[in-house]
Novice: 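To start, I am sharing the structure in question, which I have written as structure tokens.
Residue numbers begin at 1 in each chain, while the letters A, B, ... track the order of the sequences. Below, all heavy atoms of this structure are taken into account, side chains as well, without hydrogens, waters or symmetry copies.
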Number of protein chains: 2
Amino acid sequence: MADLIITGDTIITQNGSGEIIEHGAVAVTGSRITAVGSRDEIMADYGNSARVLTGTGTLVMPGLINAHTHVPMTCFRGLADDLPLETWLNEAIFPAETKLTSEIVYWGAMLGCAEMILSGTTFFCDMYLFEHEVARAVEKAGLRALLGEVLYDFPSPNYGPAEEGLKFTANLIDQWQGHDRISIAVEPHTLYTCSPDFLKACQELAFQKKTPLIIHVSETKDEVANIQSQYGATPVHHLDNLGLLSSRLIADHCVALEEDEIDLLSERGVKVVHNPSSNMKLASGISPVPELLEAGVSVGLGTDGAASNNHLDMFSEMDITAKLHKSFKLDPTVMNAATVLNMATTDGARVLGMGNRVGCLAPGYLADLIVLDLNQPHLTPLYNPNSHLVYTASGADVIHSVVNGQILMENRRLTTLDLEAIYEKMAEISIIMAEAVNKKRKSHTESDIKEL
Amino acid sequence: MADLIITGDTIITQNGSGEIIEHGAVAVTGSRITAVGSRDEIMADYGNSARVLTGTGTLVMPGLINAHTHVPMTCFRGLADDLPLETWLNEAIFPAETKLTSEIVYWGAMLGCAEMILSGTTFFCDMYLFEHEVARAVEKAGLRALLGEVLYDFPSPNYGPAEEGLKFTANLIDQWQGHDRISIAVEPHTLYTCSPDFLKACQELAFQKKTPLIIHVSETKDEVANIQSQYGATPVHHLDNLGLLSSRLIADHCVALEEDEIDLLSERGVKVVHNPSSNMKLASGISPVPELLEAGVSVGLGTDGAASNNHLDMFSEMDITAKLHKSFKLDPTVMNAATVLNMATTDGARVLGMGNRVGCLAPGYLADLIVLDLNQPHLTPLYNPNSHLVYTASGADVIHSVVNGQILMENRRLTTLDLEAIYEKMAEISIIMAEAVNKKRKSHTESDIKEL
């Protein structure tokens, strides 16, 4: 018995042996994959009762995993670009963020969820303000997510005084405990916005609640210099001195790393998330991902927020990952298509603590999968599916999406979200944000307003 | 009187003053733009008789210009990736190229033309073998193109003995003389496959026929070292010594340049085409594009062939251009969205010698334009259209395409090309190519066959 069968001319299983099945199918019962095999066999065994998602020239694969983003920031997409980092933050992002409300965060997250479903992401990890609203949006959208309220040593527009942050997070963890798609992590912002004592308290909560601890680490050389001068240690060593380097830690960015820090991350079992588009667009530097992988560190892939990318398409992120490192290393063999595809699927799952539950099409795994339409000039001819997925496909090629056994998109029509309602809210929100930024920019300079 | 009116909520004119018109329209008579202005005015002046392409939430802009590609290589897309350059060439591309015929080149070009129309390119510059077949495909597809047979000092599978190359090109030029969309350039391959005397003869033909001279220059450091050791000069100086640096020369790639070479290119009015995806994927290095622009060199943007990209989507190329240089320079202000958009439109037109005829929506210009559908989550909200076009949009967002006043795509349906026929031919061709490569690889190694 199966509830749903998804057939494909090509099935990318991403199982341990990298099996690719031609003319295959995936059978789903409830939220889980029951069987993966040849189309004829699956149809014979399960075809009687199940709903069948079929098509010619389709490719079925595990849903993509966006391991680091700030999904409500989707409403800031294109609000300001091509500016020095300080100007971008102080004159655009921070002024816009002062306008945030629960409602704006909810709709920003809804917009981002719609974009992620439409571009093949089924599971994402988020850090932002008013994260309870993100959870509410994810609940509605049907996606899988690991979410966390951003925590720091100063008052938050959401939970108020700094000391309330951990309490807020603990409550959020309890509230979503046992949910089949949503879980909550402890997410201190950075080493320069969180004191050592606060970081230790975060780690304590993460261990107590058995949930990941997630933080931005070494995103820029400036950050490294700051932490070095404040604490006499680089960010990774500072974390180690505090006892925070463990297999529970997910370190986002990790751009400015020394060789010994790579070894230390590996020894301690720390997980890393690479955000190449954002690092490139903000000119933060280039994370030593080939070296991290060589050292055995699990590295996932993330889009970061849409304010610094400017989209949430993981296909584009895979393409730029492979190309960036070849270019930087002057070696076309580094970061091959299979390696990068792993980062966006199985490795991403492992990084987010779901390695034996998602990221792979195999019996017993949760049914998170996507279907691409290969009947398109840019996906013709087909010699090597992995190569197409990394170097050629885009989010627009995804036609169906299934998360936890539920169809979230069929023939590019979203089943859980009302796009018109999202567009209407965004029209209102974008006026508020443009005003906030223009006002701020005006107070500094009368020019360039139109640019924003 | 107008034959066609295209309306848009946003019109990106790319005219000298960077004007963006809200609720605008473009009127087309025959092959040319008659008027650009407010929708109401254009409809009042021209609306009576004209066919109207309209929609809500659309953006109209000049068609994108792919200033360097090898379009028949689209049939090699994904045939081999992630290999050392020599292995990639000797064990995949060259063996596959031995199988080329007129027919294969024609259908490879048809596939590439379909992909380009679907992703917003209206004008491209090509270099390949059997280029008369590419011209035939472009004629059929309705695109605008500057084409040239690749020439070198050894026999060609197309025109035979080396000495026939110039004759072949001269005939091709004469044959397409006066065509309203297709023109022919003289295209020697590289400095390491063409002798000094042959290069001078190429230049003579280009001047005689008043057509561009196009060549790959300084694509890798190895090439520079080779030319230096063979001729005692870097490629750019070698070209200068031969008297080839002129405003008629289009130099593709220009990755490995010294500062004085940049000045020399500028002084001589040489045009440059940047191919970031290909340079990154083949690990060739990073072209000093910000410096070239600073020196006043006109720089266009190209995808290179689909064997080294692996697609022909100029939106993706714009995105990676902006991000690559920010990342490499550690400066988020270099290569801003407007600069990159210029490279793919007005600058590309100037590079290909069509600066006063395409790349801009203004009366008198040829009617080459595209329409994007902005009613999509990843293009919401809209603060800055230039930023969306460079950092967020993809080829899949283009819904209509007009070249020379003719509609080539309407609501993503191609009007000039039969996709089913292209797919059928590609199914046959891809078997021939896969066999050629597998046989070659087998003779070297029994492993890795499946990888290809």
Novice: Rounded to the nearest 0.5 Å, what's the gap from CD1 on B:I422 to OG1 on A:T380? Could you check?
Specialist: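 Rounded to the nearest 0.5 Å, the CD1-OG1 separation comes to 9.0 Å.
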Novice: Out of A:T220, A:L419, A:L85, A:N309, return the one with the most heavy atom pairs under 4.5 angstrom to chain B.
Specialist: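 Result: the option with the highest number of such pairs is A:N309.
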Novice: Under the salt bridge (charged side-chain N to carboxylate O under 4.0 Å, His left out) rule, what pairs show up with a residue in residues 110-119 of chain A, not counting sequence neighbours?
Specialist: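 For residues 110-119 of chain A: A:R77-A:E115.
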Novice: Among residues at least two apart in sequence or on other chains, which ones pass ring-ring contact (aromatic ring centres under 6.0 Å, His included) with A:H311?
Specialist: none
Novice: Taking A:A322's backbone N and O only, do any of them form a donor-acceptor pair with B:K281's side chain (distance below 3.5 Å, no angle check)?
Specialist: no
Novice: Pick from B:K221, B:M426, B:Q376, B:M335: which one has the most heavy-atom pairs with chain A under 4.5 Å?
Specialist: B:Q376
Novice: For B:N279, is it the side chain, the backbone, both or neither that has a heavy atom under 4.5 Å from a heavy atom of chain A?
Specialist: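 When you check distances to chain A, no heavy atom of B:N279 falls under 4.5 Å.
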Novice: Go through the structure and list residues passing salt bridge (charged side-chain N to carboxylate O under 4.0 Å, His left out) with B:E219, not counting sequence neighbours.
Specialist: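 If we apply the salt bridge (charged side-chain N to carboxylate O under 4.0 Å, His left out) test to B:E219, skipping adjacent residues, there are no hits.
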Novice: Less than 4.5 Å to any heavy atom of chain A: does that hold for the side chain of B:H378, its backbone, both, or neither?
Specialist: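 Both parts, heavy atoms under 4.5 Å.
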Novice: List the atom of A:C75, the atom of B:P381, and the distance in Å for their closest heavy-atom pair.
Specialist: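 Minimum heavy-atom contact is O-CG, 3.5 Å.
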Novice: Please classify the contact of B:S277 with chain A as side chain, backbone, both or neither, using a heavy-atom distance under 4.5 Å.
Specialist: both
Novice: What is the minimum heavy-atom distance between B:T392 and A:N310, and which atoms define it?
Specialist: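 B:T392 and A:N310 have their closest heavy atoms at OG1-CB, 3.5 Å.
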Novice: Tell me, side chain or backbone of B:L118 under 4.5 Å from chain A's heavy atoms, or both, or neither?
Specialist: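 It is the side chain, since no backbone atom gets that close.
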Novice: May I ask you to name which of B:L379, B:I286, B:L111 has the most heavy-atom pairs under 4.5 Å with chain A?
Specialist: B:L111
Novice: Heavy-atom pairs under 4.5 Å with chain A are the metric here; pick the option from B:S394, B:P84, B:A396 that has the most.
Specialist: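 That would be B:P84.
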Novice: Would you say A:Y423's side chain and B:N375's backbone share a donor-acceptor pair under 3.5 angstrom?
Specialist: yes
Novice: Report the C-alpha separation of A:I320 and B:K323 in whole Å, then their side-chain angles, then the decisive distance to 0.1 Å, and conclude whether the side chain to side chain contact (heavy atoms under 4.5 Å, CB included) test is met.
Specialist: CA-CA 10 Å; A:I320 213 164; B:K323 286 173 180 163; 3.9 Å; yes
Novice: Atom CG of A:D319 and atom OG of B:S316: how far apart are they, to the nearest 0.5 Å?
Specialist: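 OG of B:S316 is found 5.5 Å from CG of A:D319.
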Novice: Sort by residue number and list every residue of residues 324-332 of chain A having at least one heavy atom under 4.5 Å from chain B.
Specialist: A:L324, A:K326, A:S327, A:L330, A:D331, A:P332
Novice: With no hydrogens and no angle check, do the side chains of B:D82 and A:Y391 hold a donor and an acceptor under 3.5 Å apart?
Specialist: yes
Novice: Crowded around A:E19 CD? As in, over 12 foreign heavy atoms under 6.0 Å?
Specialist: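 Counting other residues, nucleotides and ligands, CD of A:E19 exceeds 12 neighbours.
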